[in-house]
Enquirer: 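I'd like to ask you about the structure that follows.
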Amino acid sequence: MKKSIAVIGGGISGLTIARLMREKFDVKVFERQSRPGGLIKCKRVNGSLYHMVGGHVFNSKRQDVLDYFWSIFNQEEEFISATRNAAIYLNKPIGYPIENHLHELESDVIQRVIFELLDLEKSNKCAPSNFSEFLQKRFGQTLYELYFKPYNEKIWRQDLRNVSLSWLEGKLPTPTIKEILFNNIHRAQETTMVHSSFFYPKIDGSQFLVNRMSEGLDIECDKTIHSIHHIQESNTWKINGEHSFDYVIYAGNIKKLSGVVGGSLNIDCFDDQIAALEYHGTTTVLCEIEPNPYSWIYLPDPKLKAHRIINTGNFSETNNRAGSKTAIIEFTDEIDKVEIIRNLSFTPYNPKYIDHQFTRYTYPIQKNDTRTLIENIKQKMEPKGFFLLGRFAEWEYYNMDAAIGAAMDLSEKIFNRIPE
């Protein structure tokens, strides 16, 4: 008889782990919302596709993730392949990443940047201890003040000296100073980032991924989890006093975990540290927008509250209502409709409001000790058959491909540690 696993949370992490585990285990997914998908859900509004949190695309540097993904989907028939065409708006669009497009800046700015880079190349190579130091030592003070500092302060809403470097891997190009100068002379395009090129569904965006990955899974939606209790005698887990499972994979929010597990996991000693974990939400605004060639437009200007425009209407023509172009404009944390419309009035490319949504948890903020905290919690849980997975369970700023990769890693760990 197969062992049973409860997956708490039906986002990309929960759906992936459920699919991976179902060959050897009976798997049931519990999702608190009316449909699965988590942060990658989409809906149609007035005929246009609305990515309700961001604008999710796929690629990966991990071959095993690519192999797994393309075992589910047909790359040629179901996806568009695109090259990332991003810009930074500094009174005009400047190519992204900015360090590869210095020639597009004003001549006096170019001169300052080059002198700073040359000085940095000769200076002390002490390793940076925080995100602010990293940016200044890698790109110089002028680029830091012009773009990196104002843009990232919009996102993180705090002093960049307090932002850990742990989230950085794969999120930002990190060229050496010699590479910056070489790339500018040769007008090189950025190709090392995971999403410098990407795949995007021809129809329905990341909702298409949710629909396919949900197929064949036992998913119970509109299910709030009130209690997860460990039964010592049978070494099983009871969900809401109704369902019994041999193992639990928690792909929800770790801040809500202690309230549902009680003393079953002996993690009370971590309650204060978990409560102190910081995060931001996102207000996403679906807009009609003037035609432009970009996929992403970053907005460092402090006068603009929005931090980026995601031109999802350029990802696939099927995303647009007939005769229109659409985009998602992102604001960190909650902003009301009146303030949204006021900001749109001076945002580039003349965006016109269609709809908006605020999502409370979108950006987990890592500190230097966050990963140690999560690892210590896992060490308490996993011997009892209770596992953490996902952006807000592990407090990791996972992109979609990283979430899939983390699920694959966890499935391998479980298969190696748990007898069938």
Enquirer: Honestly, is Lys28 close enough over Phe245, meaning NZ or CZ under 6.0 Å from the six-membered ring centre and within 45° of the axis?
Expert: no

Enquirer: For Glu339, is there any backbone N or O sitting under 3.5 Å from a side-chain donor or acceptor partner on Asp336?
Expert: yes

Enquirer: Do Phe208 and Ile203 touch side chain to side chain, with heavy atoms closer than 4.5 Å?
Expert: no

Enquirer: Check whether more than 12 heavy atoms from other residues, nucleotides or ligands sit under 6.0 Å from atom CD of Glu412, and answer yes or no.
Expert: no

Enquirer: Parallel under 30°, tilted from 30 to 60°, perpendicular over 60°: which one fits the rings of Phe131 and Phe134?
Expert: parallel

Enquirer: Please find the pair of heavy atoms, one from Leu15 and one from Gly10, that lie closest to each other, and give the distance.
Expert: CG-O, 3.6 Å

Enquirer: Check whether the side chains of Asn320 and Thr326 place a donor and an acceptor atom closer than 3.5 Å, and report yes or no.
Expert: yes

Enquirer: For Asn253, is there any backbone N or O sitting under 3.5 Å from a side-chain donor or acceptor partner on Tyr250?
Expert: yes

Enquirer: Set out, in order, the CA-CA distance, both residues' side-chain angles and the distance that settles salt bridge (charged side-chain N to carboxylate O under 4.0 Å, His left out) for Arg371 and Glu396, then state yes or no.
Expert: CA-CA 8 Å; Arg371 285 181 172 169; Glu396 289 279 354; 2.7 Å; yes

Enquirer: For the rings on Phe199 and Trp70, is their centre-to-centre separation under 6.0 Å?
Expert: yes

Enquirer: If you count heavy atoms of other groups shown closer than 6.0 angstrom to CD of Glu23, is the number above 12?
Expert: no

Enquirer: I'd like to know whether CG of Asn46 has more than 12 heavy-atom contacts from other residues, nucleotides or ligands below 6.0 angstrom.
Expert: no

Enquirer: May I have the step-by-step check of side-chain contact (heavy atoms from CB on, under 4.5 Å) for Tyr89 and Asp301, ending in yes or no?
Expert: CA-CA 8 Å; Tyr89 202 86; Asp301 187 343; over 6 Å; no

Enquirer: Report yes if the side chains of Ile225 and Ile239 come closer than 4.5 Å at any heavy-atom pair, otherwise no.
Expert: yes

Enquirer: With ring centroids as reference points, do Tyr397 and Tyr363 lie under 6.0 angstrom apart?
Expert: yes

Enquirer: Any ion pair linking Glu317 and Lys325 (charged N to carboxylate O, less than 4.0 Å)?
Expert: yes

Enquirer: Do Asp401 and Lys61 pass the salt bridge (charged side-chain N to carboxylate O under 4.0 Å, His left out) test, and can you show the C-alpha distance, the side-chain angles, and the key distance before you say yes or no?
Expert: CA-CA 9 Å; Asp401 61 293; Lys61 294 291 187 183; over 6 Å; no

Enquirer: Check Ser316 against Lys202 and note the closest heavy-atom contact, atom names and distance.
Expert: OG-O, 2.8 Å

Enquirer: In Å and rounded to the nearest 0.5 Å, what is the SG to NZ distance from Cys269 to Lys380?
Expert: 4.5 Å

Enquirer: Would you say the side-chain atoms of Asn74 pair up with the backbone N or O of Glu76, donor to acceptor, closer than 3.5 Å?
Expert: yes

Enquirer: Is the shortest distance from a Lys or Arg side-chain nitrogen in Arg112 or Asp108 to a carboxylate oxygen in the other one below 4.0 Å?
Expert: yes

Enquirer: Could you tell me whether a side-chain N or O of Thr359 sits under 3.5 Å from a main-chain N or O of Gly281, the two making a donor and an acceptor?
Expert: no

Enquirer: What class does the angle between the rings of Trp395 and Phe392 fall in, given that below 30° is parallel, 30 to 60° is tilted and above 60° is perpendicular?
Expert: perpendicular

Enquirer: Using every non-hydrogen atom in the two residues, find where Leu304 and Pro348 come nearest and quote the distance to one decimal.
Expert: CD1-CD, 4.1 Å

Enquirer: Does Asp272 CG have over 12 foreign heavy atoms under 6.0 Å away?
Expert: no

Enquirer: Is any side-chain heavy atom of Asp218 less than 4.5 Å from a side-chain heavy atom of Asp26?
Expert: no

Enquirer: For the NZ atom on Lys2, are there more than 12 heavy atoms of other groups (residues, nucleotides or ligands in this structure) within a distance under 6.0 Å?
Expert: yes

Enquirer: So does Gln33 get a backbone contact from the side chain of Glu31, meaning a donor-acceptor N/O pair under 3.5 Å?
Expert: yes

Enquirer: Do Asn292 and Asn311 get their side chains close enough for a donor-acceptor pair, meaning under 3.5 Å?
Expert: yes

Enquirer: Does His56 reach the main-chain N or O of Leu39 with its side chain, forming a donor-acceptor pair under 3.5 Å?
Expert: yes

Enquirer: State, with a plain yes or no, whether a side-chain heavy atom of Glu179 is found less than 4.5 Å away from one of Glu99.
Expert: no

Enquirer: Step by step, would you call Tyr68 with Leu20 a side-chain contact (heavy atoms from CB on, under 4.5 Å)?
Expert: CA-CA 10 Å; Tyr68 176 72; Leu20 290 165; 3.5 Å; yes

Enquirer: Give a yes or no answer on whether the side chain of Asn59 reaches the backbone of Ser197 with a donor-acceptor pair at less than 3.5 Å.
Expert: yes

Enquirer: Ring pair (Phe, Tyr, Trp, His ring centres under 6.0 Å) with Phe79: which of Phe315, Phe198, Phe73?
Expert: Phe73

Enquirer: Do Val260 and Ile8 come close enough that some side-chain heavy atom pair is under 4.5 Å?
Expert: no

Enquirer: Look at atom CD of Gln379 and say whether more than 12 heavy atoms of other residues, nucleotides or ligands are closer to it than 6.0 Å.
Expert: yes

Enquirer: Measure across Ser60 and Arg62 and return the closest heavy-atom pair with its distance rounded to 0.1 Å.
Expert: OG-N, 3.0 Å

Enquirer: Side chains of Gln207 and Arg44: do they bring a donor and an acceptor to under 3.5 Å?
Expert: no

Enquirer: Just so I know, are the side chains of Ile297 and Leu299 near enough to count as touching, which here means a heavy-atom distance under 4.5 Å?
Expert: yes

Enquirer: Does some side-chain heavy atom of Leu257 sit less than 4.5 Å from a side-chain heavy atom of Met381?
Expert: yes

Enquirer: Test Arg138 against Glu133 for salt bridge (charged side-chain N to carboxylate O under 4.0 Å, His left out), laying out the working first.
Expert: CA-CA 8 Å; Arg138 184 58 61 100; Glu133 283 186 9; over 6 Å; no

Enquirer: Might you point out which heavy atoms bring Val65 and Gly405 nearest each other, and give the distance in Å?
Expert: CG2-CA, 3.7 Å

Enquirer: Ignoring hydrogens and geometry, is there a side-chain-to-backbone donor-acceptor pair from Lys154 to Ala306 under 3.5 Å?
Expert: yes

Enquirer: I'd like to check Tyr147 versus Ile94 (side-chain heavy atoms, cut-off strictly below 4.5 Å). Are they in contact?
Expert: no

Enquirer: Test His280 against every option in Thr332, Asp333, Thr362 by the side chain to side chain donor-acceptor pair (under 3.5 Å) rule and name the one that passes.
Expert: Asp333

Enquirer: As a test of understanding, state which of Ile5, Asp246, Val248 forms a side chain to side chain contact (heavy atoms under 4.5 Å, CB included) with Trp237.
Expert: Val248

Enquirer: Under 30°, 30 to 60°, or over 60°: which ring-plane class applies to Phe415 and Phe25, parallel, tilted or perpendicular?
Expert: parallel

Enquirer: May I ask you to decide if Arg321's main-chain N or O and Ser48's side chain share a donor-acceptor pair within less than 3.5 Å?
Expert: yes

Enquirer: Please check if atom CD1 in Ile72 has more than 12 non-hydrogen atoms from other residues, nucleotides or ligands closer than 6.0 Å.
Expert: yes

Enquirer: Crowded around Asn416 CG? As in, over 12 foreign heavy atoms under 6.0 Å?
Expert: yes

Enquirer: Please find the pair of heavy atoms, one from Lys367 and one from Asn162, that lie closest to each other, and give the distance.
Expert: NZ-O, 3.3 Å

Enquirer: Hey, are Thr312 and Tyr200 close enough side-chain-wise for a donor-acceptor pair under 3.5 Å?
Expert: no

Enquirer: Salt-bridge test for Lys92 and Glu104: reply yes if a basic N is under 4.0 Å from a carboxylate O, no otherwise.
Expert: no

Enquirer: Inspect the contact between Glu330 and Arg308 and indicate whether a charged nitrogen and a carboxylate oxygen are less than 4.0 angstrom apart.
Expert: yes

Enquirer: How far does CD1 of Ile274 sit from CD1 of Ile377, to the nearest 0.5 angstrom?
Expert: 3.5 Å

Enquirer: Flag the pair Tyr96 / Trp296 as yes when their ring centroid distance falls below 6.0 Å, and as no otherwise.
Expert: no

Enquirer: Looking at Ser295 and Asn85, would you say the former's side chain and the latter's main chain have a donor-acceptor pair under 3.5 Å?
Expert: yes

